[in-house]
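Notes follow once the structure below has been shown.
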There are 2 protein chains.
Amino acid sequence: MFGHIDPRVAEFCPIRDVMALASDKWSILIILYLGYYPILRFNQLKKYVFGISNKVLSERLKNLEADGYIVRELFPEVPIRVEYSLTDFGHSYLEKLIELTEWVNNYSDVIIENRKTYKKK
Amino acid sequence: MFGHIDPRVAEFCPIRDVMALASDKWSILIILYLGYYPILRFNQLKKYVFGISNKVLSERLKNLEADGYIVRELFPEVPIRVEYSLTDFGHSYLEKLIELTEWVNNYSDVIIENRKTYKKK
DNA sequence: CGGCATCCGAGTAGATACTG
DNA sequence: CAGTATCTACTCGGATGCCG
């Protein structure tokens, strides 16, 4: 219909639930980093995803793994090594995220300017 | 670079801030509904965006207006009438959101299935 | 190294009542 | 009708310490 999705559909399908994770700010950054660096370990991710805590990072990783965006591979060495990477499914989502962030990158100046103008009123 | 955006950019630009609003679950639904029904009043939005409270709805509307996604037009009739609609900028973002939700719609079954499989482990 | 358990504080959402 | 005000409840994030 006019190229518009009917948002009413959203109420009757798990889209909200799925989007809640998929559009989470930390999850987005994790996926973007795994798109850029194909394989990352826990502490590497923690360094790149600046400001994230252990707790939140491990929570998000677990959820992203549960939903099938990423895989977790454990190497039982000493010290232990764990590698995270995107699944094919995750790559598919990554493409969408990249488009979204490119849009935001292109327009963030506009938004900042809008906010200033709005405050003046 | 391989068609991948460098997520490190995200740390030095307001992308996180912008995304926080733009990717908020309620904001997404508001924008999608305004894409589907070009003009909506406060209580219409409240009905469509099922489950949202007065407080959160008015907060999101104010923020979306401040960032330039929507416009608020007040008609000083009795009873008062207020109409919300997308700006050109909002329509531009709507396109991205539609792509994203279509992706989610197409793959939500996969995700649900992934979750089930994950739990069994 | 890669987490998990615990605790705590802040912010956020929801319900309700009220007003121009 | 379109919000605001208020209060409560609760989730969520951050910090810390510990353990395999």
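Keep in mind the model is a prediction, meaning the values are calculated, not measured. Naming: A, B, ... by sequence-line order, numbering from 1 per chain.
- Bending across the helix from C:dC1-D:dG20 to C:dG20-D:dC1, expressed as the angle between its end axes from five pairs apiece, amounts to 50° (10° rounding).
- You'll find the side chain of A:Tyr118 reaches within 4.5 Å of the side chain of B:Lys62, heavy atoms only.
- Within the 4.5 Å cutoff, the side chain of A:Leu34 has no heavy atoms near those of the A:Leu64 side chain.
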Scan the side chains in residues 68-75 of chain B for donor-acceptor partners under 3.5 Å anywhere in the protein, sequence neighbours excluded, and list what turns up.
| residue | atom | partner | partner atom | Å |
| --- | --- | --- | --- | --- |
| B:Arg72 | NE | B:Tyr84 | OH | 3.4 |

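- Scanning all heavy atoms of the two residues, the minimum distance from B:Ile28 to B:Ser23 falls at CD1-O, 3.5 Å.
- For A:Lys96, the salt bridge (charged side-chain N to carboxylate O under 4.0 Å, His left out) criterion is met by A:Glu99, B:Glu99, not counting sequence neighbours.
- Every residue two or more places apart in sequence or in another chain was checked for a salt bridge (charged side-chain N to carboxylate O under 4.0 Å, His left out) with A:Glu95, and none qualifies.
- The distance from atom CG of A:Leu29 to atom OG1 of A:Thr101, rounded to the nearest 0.5 Å, is 9.5 Å.
- Every residue two or more places apart in sequence or in another chain that forms a salt bridge (charged side-chain N to carboxylate O under 4.0 Å, His left out) with B:Glu83 is listed here: B:Arg81.
- Contacts between chain B and DNA chain C, taken as any atom within less than 4.0 angstrom of a protein heavy atom, begin and end at C:dA13 to C:dG20.
- Nearest heavy-atom pair, B:Ile39 versus B:Ser85, reported as atom, atom and distance to 0.1 Å: CG1-CB, 4.3 Å.
- Atom NZ of B:Lys25 is separated from atom C1' of D:dT11 by 12 Å (rounded to the nearest Å).
- With sequence neighbours left out, A:Trp103 forms a ring pair (Phe, Tyr, Trp, His ring centres under 6.0 Å) with A:Tyr107, B:Phe89, B:Tyr93.
- Heavy-atom distances under 4.0 Å link DNA chain D to B:Asn54, B:Lys55, B:Ser58, B:Lys62 of residues 54-63 of chain B, given in residue order.
- Applying the side-chain hydrogen bond (donor to acceptor under 3.5 Å, both in side chains) rule to pairs touching residues 49-58 of chain B yields B:Lys46-B:Asn54, sequence neighbours excluded.
- Scanning residues 68-87 of chain A for heavy-atom distances under 4.0 Å to DNA chain C yields A:Arg72, A:Pro79, A:Ile80, A:Val82, A:Tyr84.
- Residue pairs satisfying the salt bridge (Lys or Arg N to Asp or Glu O under 4.0 Å) criterion with at least one member in residues 23-43 of chain A, sequence neighbours excluded, are listed as follows: A:Asp24-A:Arg60.
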